[in-house]
Q: 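Can you read through this structure? Questions will come right after.
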Amino acid sequence: MRIVFIGPPGAGKGTQAERLIAKYQLAHLSTGDMLRAARDARTSVGKKADEYMSKGELVPDDIIIGIIDERLAEPDCQKGYLLDGFPRTIAQAEALDRLLAEKKTPLDVVLELRVPEEELFQRLAGRGRADDRPEVIRQRLVAYRRQTEPLLEYYGAKGILKSVDGLGTVDEIFDRVVDVLG
Ligand code: ADP
């Protein structure tokens with residue numbers, strides 16, 4: 001199964017992703033985790049990415065697409081993966097489509113985790129990551145609304161979008177997710 005997981009910051013994607021990859025034996029491709037690892041290792045990509053991450057802005061598409069292109073070629077991705085935090089812009093979605101068309105491995109489903117914005121701010125403010133300062137959180141939510149939300153229409157038009165209510169307990173939400181994946 002090849003899945004894209006979309007949701008605003010604070011929606012609980014990370015928690016649900018952990019369960020999903022265990023249940024369906026998927027490779028977990030979190031661009032946020034990859035970028036934080038690159039930043040902490042002080043690679044050139046990591047240093048560049050941090051200039052954007054620390055402000056709550058999206059890292060430029062070419063950097064992200066390069067990272068994903070390399071990662072998708074690795075052996076563990078051949079039997080299925082969960083893309084978590086990518087694509088986040090229409091340009092990234094189009095680049096992914098081109099890449100997957102070349103490999104003849106189209107996406108199976110795009111899963112959206114829906115959570116109202118008031119709730120997101122509360123959750124993020126309580127978390128304490130380096131980019132969880134209030135002004136940075138606000139910017140990440142703005143980036144989601146402006147740059148990532150248009151993907152819902154993009155994938156909706158392709159008929160592969162499934163939306164799940166992200167309010168409730170972790171178990172309740174996971175049951176919904178498993179339900180829509182069928
Ligand atoms: P969250 O969804 O909670 O904001 P992530 O861990 O997914 O957090 O991402 C953290 C930061 O990493 C983002 O704010 C952004 O700067 C950068 N990032 C992650 N994925 C992408 C992407 N696909 N495109 C651009 N920037 C990204």
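Both ligands and their constituent atoms are indexed starting at 1 by order of listing.
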Q: Val4 and side-chain contact (heavy atoms from CB on, under 4.5 Å): which single residue from Asp84, Leu83, Leu161 fits?
A: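 One option only clears the test, and that one is Leu83.
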Q: Do any nitrogen or oxygen atoms of Arg36 come within less than 3.5 Å of a nitrogen or oxygen of ligand 1?
A: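 Yes, there is a polar N/O contact under 3.5 Å.
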Q: Quick one: does Tyr52 get an N or O within less than 3.5 Å of an N or O on ligand 1?
A: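 For ligand 1, there is no N or O atom that lies under 3.5 Å from one belonging to Tyr52.
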Q: With the threshold set at under 4.0 angstrom, would you say Arg129 reaches ligand 1 through any of its heavy atoms?
A: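 Yes; Arg129 lies near enough to ligand 1 that a heavy-atom distance drops under 4.0 Å.
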Q: For Lys23 and Phe174, what are the C-alpha separation, side-chain angles and deciding distance, and is it a side-chain contact (heavy atoms from CB on, under 4.5 Å)?
A: CA-CA 11 Å; Lys23 182 173 171 78; Phe174 189 62; 3.9 Å; yes
Q: To which protein heavy atom is atom 20 (N) of ligand 1 closest, and what is the distance rounded to 0.1 Å?
A: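 Checking every protein heavy atom, the shortest distance to atom 20 (N) of ligand 1 gives Thr31 OG1, 2.8 Å.
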Q: Quick check against the 3.5 Å criterion: does Arg123 have a side-chain atom that pairs as donor or acceptor with the backbone of Ala11?
A: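 Yes, because the side chain of Arg123 sits within donor-acceptor range (under 3.5 Å) of the backbone of Ala11.
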Q: Would Arg127 count as a contact residue for ligand 1, given that I'm defining contact as a non-hydrogen atom of the residue lying under 4.0 Å from a ligand atom?
A: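 Yes, Arg127 has heavy atoms under 4.0 Å from ligand 1.
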Q: Check whether any side-chain heavy atom of Leu181 lies under 4.5 Å from a side-chain heavy atom of Leu111, and answer yes or no.
A: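 Result yes, sub-4.5 Å side-chain heavy-atom pair found.
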Q: Just checking, Lys48 and Tyr52: is the charged tip under 6.0 Å from the six-membered ring centre and within 45° of the axis?
A: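 Pair Lys48/Tyr52 does not count as cation-pi.
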Q: Which of the listed options, Lys55, Glu51, Arg88, holds the heavy atom that is closest to atom 2 (O) of ligand 1?
A: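 Of the listed residues, Arg88 has the closest heavy atom.
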Q: Considering residues, nucleotides and ligands other than Arg146, do more than 12 of their heavy atoms fall under 6.0 Å from its CZ?
A: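 Check fails, neighbour count at 12 or below.
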Q: What residue and heavy atom of the protein are closest to atom 24 (N) of ligand 1, and at what distance?
A: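 Going atom by atom, the protein heavy atom closest to atom 24 (N) of ligand 1 ends up being Gln92 NE2, 2.9 Å.
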Q: What is the closest protein heavy atom to atom 11 (C) of ligand 1, and at what distance does it sit?
A: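 Result for atom 11 (C) of ligand 1: Met53 CG, 4.1 Å.
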Q: Do any nitrogen or oxygen atoms of Gly85 come within less than 3.5 Å of a nitrogen or oxygen of ligand 1?
A: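 Yes: some nitrogen or oxygen of Gly85 is under 3.5 Å from one in ligand 1.
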Q: I'd like to check whether Arg140 has a polar contact with ligand 1, where a contact means an N/O of the residue lying under 3.5 Å from an N/O of the ligand.
A: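 Such a contact does occur with ligand 1.
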Q: Note the single closest protein heavy atom to atom 16 (O) of ligand 1, along with its residue, its atom name and the distance in Å.
A: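 Minimum-distance protein heavy atom for atom 16 (O) of ligand 1 reads Glu57 O, 2.6 Å.
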Q: Looking at ligand 1, does any of its N/O atoms fall within less than 3.5 Å of an N/O of Val59?
A: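 N/O-N/O distance below 3.5 Å exists for this pair.
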Q: Please tell me if the side chains of Ile6 and Tyr144 come closer than 4.5 Å, counting only heavy atoms from C-beta onward.
A: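 Yes; the side chains approach each other to less than 4.5 Å.
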Q: Show, in sequence, the C-alpha distance, side-chain angles and deciding distance for Leu124 and Arg140, and conclude whether the side-chain contact (heavy atoms from CB on, under 4.5 Å) test is met.
A: CA-CA 10 Å; Leu124 291 165; Arg140 281 160 56 210; 3.7 Å; yes
Q: Looking only at protein heavy atoms, which one is nearest to atom 18 (N) of ligand 1, and how far off is it?
A: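 Residue, atom and distance for the closest contact: Leu35 CD1, 3.4 Å.
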Q: Around Glu51, counting heavy atoms of other residues, nucleotides and ligands shown, do more than 12 lie under 6.0 Å from its CD?
A: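 Yes, CD of Glu51 has more than 12 neighbouring heavy atoms, counting only those of other groups under 6.0 Å.
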